[in-house]
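Here is the structure we will look at, set down as structure tokens.
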Protein chains: 2
Amino acid sequence: MAKFLIADDHPLFREALQGALANHFSELTLREAEDLDSTLSALNNDDDVDLLLLDLHMPGSGDLYGLIRVREDYPLLPVAIISGSEDSSIVAKCIGFGALGFIPKSLPSAEIAEAIDTILQGDTWVPKENRERLDVISDEDQQLAQKVSELTPQQYRVLHFLHEGLLNKQIAYQLGITEATVKAHITAIFRKLGVYSRTQAVLVAERLQL
Amino acid sequence: MAKFLIADDHPLFREALQGALANHFSELTLREAEDLDSTLSALNNDDDVDLLLLDLHMPGSGDLYGLIRVREDYPLLPVAIISGSEDSSIVAKCIGFGALGFIPKSLPSAEIAEAIDTILQGDTWVPKENRERLDVISDEDQQLAQKVSELTPQQYRVLHFLHEGLLNKQIAYQLGITEATVKAHITAIFRKLGVYSRTQAVLVAERLQL
DNA sequence: AACACTATTAGACCATAGTCTAGATTGATA
DNA sequence: TATCAATCTAGACTATGGTCTAATAGTGTT
């Protein structure tokens, strides 16, 4: 009796995936989440999830942050990344940051099920094309990722906008908070990342391709 | 009667390269330069140089800036990059930014001469290992490179330190000028790159891997 | 030599970034 | 319910960043 959590902001895709899985796994329980917050709280309520199917591009998730955060909070949970893109460097990053699999959305459902079988057995599965260059993540990048995982979701959002080159005033407008609050978050980000200027914080984000 | 310009800050290497070339090219005239400034003035004085052998890591050159600058000022001059490293992405960037060849310093002298022959005929030459993935540089990156080439050497140095995450005060100390002057340079850099904050300038530098 | 042009320099001034302190809210726990 | 911890919020204050103006020095041109 397996239990999966599907985290994807696209309801139609969740439905399609659900259908594909139902044909291949009998006795399957599915939970759903549509953003990072609901994913984390779903994991918090259900402590017996066997596999997380995590979309990279979710609201509040910002590419790698969702994965980094989940891996930090639930290191034992197998995670398969579901993604529209299949860029080699992204695939490598995901595996490097602890995902057991990387499943492109374009895959036929039979192959998706096959990939999930592999992952449930504890093995790594990535598309054939990406199997060659799975660069190892450096120790330094691992440490940086660990620091990034300590950021709160709101702080992560602020870092994301920092990385876009926005001014504090613009970030405040985007998030609907005052500039003073943005500054407070930025100070907290500096502390957690171990830097002392916005430029350096941006360089950390750039390095992890957040 | 060929005329080459060797631009490398290592006198011993210039000498070794000179020796290797003398065996393969009769009637060879050699000019030497040890930093970016002397390279540019040498090119300015000698308008009949047939080939520039350019080291990537030279004082005042900061990896790709030297190449970008030379290509902007002398678009018709064949340039072969000489480098200690042979990282694939760097090779691709160099070729993308208009170098005709990329010659690792570790190459035996016979192969260096062979590579130079190829380049003099107007063909591209890179190490065997790097021949597969010569990613094309995007139009946007080309435009950015064109903008970076408009920076003066001093402005480029400032951008380099910006990219290291230094404060204006620290940059001023490094360059032996006042903070006010650093700020003036930074404003000029913003204008030329078409950005309006140091964060965005840093992101441009990061994107071009300067 | 006189000229225009550009890089470099810097001071005065204003805008933005960043720190410190602290109240309000939420969630888990006893 | 009471309480602790963490997050989010923001105001007051200081440091740093960025613009404008302008002087100086070098470069090439006529």
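The analysis underlying the following values was restricted to heavy atoms, covering all of them including side chains, and did not include hydrogens, waters or symmetry mates. A note on names: the letters A, B, ... follow the listed sequences, proteins ahead of strands, and every chain is numbered from 1.
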Does [X] have a side-chain nitrogen or oxygen under 4.0 Å from the phosphate oxygens OP1 or OP2 of [N]?
| X | N | answer |
| --- | --- | --- |
| B/T181 | C/dA10 | yes |
| B/Q154 | C/dT9 | yes |
| A/N168 | C/dA17 | yes |

I need the [atom1]-[atom2] distance between [X] and [N], as an integer number of Å.
| X | N | atom1 | atom2 | answer |
| --- | --- | --- | --- | --- |
| A/K183 | C/dG18 | NZ | C1' | 7 Å |
| A/E179 | C/dA17 | CD | C1' | 8 Å |
| A/Y156 | D/dT7 | OH | P | 18 Å |
| A/Q155 | D/dT7 | CD | P | 7 Å |
| B/L167 | D/dA15 | CG | P | 14 Å |
| B/L175 | C/dA10 | CG | P | 11 Å |
| B/L40 | D/dT27 | CG | C1' | 15 Å |

Side chain of [X] - closest among [options]:
| X | options | value |
| --- | --- | --- |
| A/I177 | D/dA10, D/dT19, C/dA17 | D/dA10 |
| B/H185 | D/dC8, D/dT19, C/dT9 | C/dT9 |
| B/A180 | C/dG11, D/dG28, C/dA28 | C/dG11 |
| B/I186 | D/dC8, C/dT19, D/dG18 | D/dG18 |

How long is the span from the CZ atom in A/R14 to the CG atom in A/L53, to the nearest 0.5 Å?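 That separation rounds to 12.5 Å.
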Under a 4.5 Å cut-off applied to non-hydrogen side-chain atoms, are A/F25 and A/I116 in contact?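 Yes. Closest side-chain heavy atoms under 4.5 Å.
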Side chain proximity check, B/V79 to B/L100, heavy atoms < 4.5 angstrom: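 No, too far: nothing below the 4.5 Å cut-off.
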Which part of the nucleic acid, if any, lies within contact of B/T178, taking any heavy atom under 4.0 Å across all strands shown: a base, the sugar-phosphate backbone alone, or nothing?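 Sugar-phosphate, backbone atoms only, no base.
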Taking any heavy-atom pair under 4.0 Å as a contact, classify A/T152: base, sugar-phosphate, or nothing.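 If one applies the 4.0 Å heavy-atom cut-off, A/T152 turns out to touch the sugar-phosphate alone, with no base involved.
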For A/Y156 and A/Y65, take the angle between the two ring planes, folded into 0 to 90°, and tell me which bin it lands in: parallel under 30, tilted 30 to 60, perpendicular over 60.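 Ring orientation, 0 to 90° scale: parallel.
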Is it the case that more than 12 heavy atoms not belonging to B/Q170 sit under 6.0 Å from its CD atom?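 Yes, because the 6.0 Å sphere around CD of B/Q170 holds more than 12 heavy atoms from other groups.
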Look for any protein N or O under 3.5 Å of an N or O in nucleotides 21-23 of chain D and output each such pair with its distance, or none.
none

Of A/K169 and A/T187, the one whose closest DNA chain C nucleotide lies more 5':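 Going by which nucleotide is closer to the 5' end, it is A/K169.
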Under a 4.0 Å heavy-atom cut-off, which of residues 189-200 of chain A touch DNA chain C?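 Those residues whose heavy atoms fall under 4.0 Å from DNA chain C, taken from residues 189-200 of chain A in numerical order, are A/F190, A/R191, A/S197, A/R198.
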Toward the 5' end of DNA chain D, by each residue's nearest nucleotide, B/N44 or B/L162: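 Closer to the 5' end of DNA chain D: B/L162.
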So, for B/F190 and B/Y196, is the gap between ring centers shorter than 6.0 Å?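 No, ring centres 6.0 Å or more apart.
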Any sub-3.5 Å donor-acceptor pair from A/D50's side-chain atoms to A/K3's backbone N or O?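 Pair found, side chain donor or acceptor close to backbone of A/K3.
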Between A/E140 and A/R207, is the closest basic N to carboxylate O distance under 4.0 Å?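 Result for this pair is yes, salt bridge flagged.
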Closest approach of A/L51 and A/A80, non-hydrogen atoms and distance?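 Scanning both residues completely, I find the closest heavy atoms to be CD1-N, 4.1 Å.
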Closest contact, heavy atoms only, A/H24 versus A/S109: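 In this case the closest contact between A/H24 and A/S109 is NE2-O, 4.4 Å.
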